[in-house]
Amino acid sequence: MPDWLSSLLHWLAMPEAGLGALFVVAFVSATLLPMGSEAALFGLLKLNPDLLWPAIAVATAGNTLGGALSWWMGAIAHKAVDKARHRKTELHALGWLKRFGPKACLMSWMPLIGDPLCAIAGWLKFPFWPCVAYMAVGKLVRYVVLTLALLKVFPGGLPF
């Protein structure tokens with residue numbers, strides 16, 4: 001492994017930098033950019049096992065705030081489209097989603113559909129704070145389940 005990569009990994013493994021880096025990765029991965037934060041969380045925990053609950057809390061907070069940003073992007077996009085078309089826009093194909101309302105944001109943890117779902121919740125003008133609360137619950141459960149499962153499957157770390 002190159003020295004610069006080893007230095008970077010060592011720096012990211014430090015509790016102070018590791019949690020900050022985890023927050024950024026979790027935040028970005030909750031937007032529409034294709035990225036996952038589970039590997040960063042698992043890697044940090046393998047290097048710093050004593051950070052289990054702080055790391056899960058930081059990942060949940062970053063991912064939830066990223067979902068909230070997606071909600072706002074959806075709401076702003078809807079307003080811009082309404083203004084450009086000079087009339088209200090409605091997504092008929094997503095009418096079924098309206099039946100669930102903010103509770104649909106519980107599914108924000110799911111791969112591929114979870115991040116766009118947050119933006120769609122904003123587009124459909126679901127109430128912001130209930131959506132954020134449901135996002136946080138879904139994301140927290142995902143991080144707890146995935147982290148504990150990975151730590152059980154790979155108790156000694158990943159074979160590199």
Side-chain angles (χ1 to χ4, degrees), residues 8-9 11-13 15-46 48 51-151 153:
L8 177 64
L9 291 175
W11 181 79
L12 290 174
E16 307 84 37
L19 289 174
L22 177 62
F23 180 87
V24 170
V25 169
F27 181 87
V28 171
S29 71
T31 63
L32 298 177
L33 297 174
M35 179 187 272
S37 57
E38 293 81 7
L41 174 61
F42 183 66
L44 177 64
L45 291 176
K46 291 313 289 181
N48 300 293
L51 291 179
L52 176 68
W53 294 111
I56 288 175
V58 166
T60 300
N63 212 249
T64 300
L65 289 173
L69 175 65
S70 293
W71 186 98
W72 280 106
M73 290 184 334
I76 291 168
H78 192 162
K79 189 180 281 188
V81 169
D82 284 352
K83 190 174 182 178
R85 295 179 76 191
H86 305 294
R87 61 185 166 91
K88 293 211 178 260
T89 304
E90 193 58 43
L91 296 174
H92 297 288
L94 297 176
W96 63 271
L97 187 61
K98 283 187 171 183
R99 286 184 294 185
F100 295 103
K103 291 178 185 168
C105 291
L106 273 173
M107 305 304 280
S108 66
W109 65 270
M110 294 181 68
L112 301 177
I113 68 164
D115 298 334
L117 182 64
C118 298
I120 291 169
W123 177 276
L124 294 175
K125 300 180 183 174
F126 289 167
F128 178 72
W129 289 112
C131 285
V132 171
Y134 283 114
M135 282 180 222
V137 169
K139 291 169 184 292
L140 173 65
V141 170
R142 176 193 67 191
Y143 281 122
V144 169
V145 169
L146 284 176
T147 301
L148 295 178
L150 282 170
L151 290 172
V153 171

K.L.:
Measure across Leu22 and Ala55 and return the closest heavy-atom pair with its distance rounded to 0.1 Å.
P.N.:
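It is CD2-O, 3.3 Å.
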
K.L.:
Report the distance from atom CH2 of Trp123 to atom NE2 of His78, rounding to the nearest 0.5 Å.
P.N.:
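That separation rounds to 5.0 Å.
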
K.L.:
Determine the interplanar angle of the Trp71 and Phe128 rings, folded into 0 to 90°, and report it as parallel if under 30°, tilted if 30 to 60°, perpendicular if over 60°.
P.N.:
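Rings of Trp71 and Phe128: perpendicular, over 60°.
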
K.L.:
Ignoring hydrogens, what is the shortest heavy-atom contact between Asn63 and Lys139? Give both atom names and the distance.
P.N.:
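Shortest heavy-atom separation between Asn63 and Lys139 comes out as OD1-NZ, 2.7 Å.
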
K.L.:
Could you report the tightest heavy-atom contact between Ala30 and Gly67, atom names first, then the distance?
P.N.:
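Shortest heavy-atom separation between Ala30 and Gly67 comes out as CB-N, 3.6 Å.
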
K.L.:
Any chance you could lay out the side-chain contact (heavy atoms from CB on, under 4.5 Å) test for Ile56 and Trp53, step after step, and finish with the verdict?
P.N.:
CA-CA 5 Å; Ile56 288 175; Trp53 294 111; 3.9 Å; yes

K.L.:
Just how far is it from atom CE of Met107 to atom CZ of Arg142, taken to the nearest 0.5 Å?
P.N.:
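Rounded to the nearest 0.5 Å, the CE-CZ separation comes to 12.5 Å.
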
K.L.:
Minimum heavy-atom separation for Ser108 to Leu117, with atom names?
P.N.:
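Looking at all heavy atoms of both residues, the closest pair is N-CD2, 4.1 Å.
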
K.L.:
What is the distance from atom CZ of Phe42 to atom CG of Leu146, rounded to the nearest 0.5 Å?
P.N.:
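Reported value, rounded in 0.5 Å steps: 11.0 Å.
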
K.L.:
So which atom in Met35 and which in Val28 form the shortest heavy-atom distance, rounded to 0.1 Å?
P.N.:
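So the minimum-distance heavy-atom pair works out to SD-CG1, 3.8 Å.
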
K.L.:
To the nearest 0.5 Å, how far apart are OG1 in Thr147 and CG in Leu41?
P.N.:
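The CG atom of Leu41 is 4.0 Å from OG1 of Thr147, to the nearest 0.5 Å.
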
K.L.:
Could you tell me the separation between the CG atom of Leu52 and the CG atom of Leu151, rounded to the nearest 0.5 Å?
P.N.:
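So the CG of Leu52 and the CG of Leu151 are separated by 6.5 Å.
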
K.L.:
Counting heavy atoms not belonging to Phe126, are there more than 12 under 6.0 Å from its CZ?
P.N.:
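Yes - once you tally the heavy atoms of other residues, nucleotides and ligands closer than 6.0 Å, there are more than 12.
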
K.L.:
What's the shortest heavy-atom distance between Val132 and Ala68, and which atoms?
P.N.:
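Looking at all heavy atoms of both residues, the shortest contact is CG2-CB, 4.0 Å.
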
K.L.:
What's the spacing between Leu65 CG and Thr31 OG1 if we round to 0.5 Å?
P.N.:
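Spacing of CG (Leu65) from OG1 (Thr31) equals 12.5 Å.
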
K.L.:
Compute the centroid of each ring, for Tyr143 and then for Trp109, and state whether the two points are separated by less than 6.0 Å.
P.N.:
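No, too far apart.
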
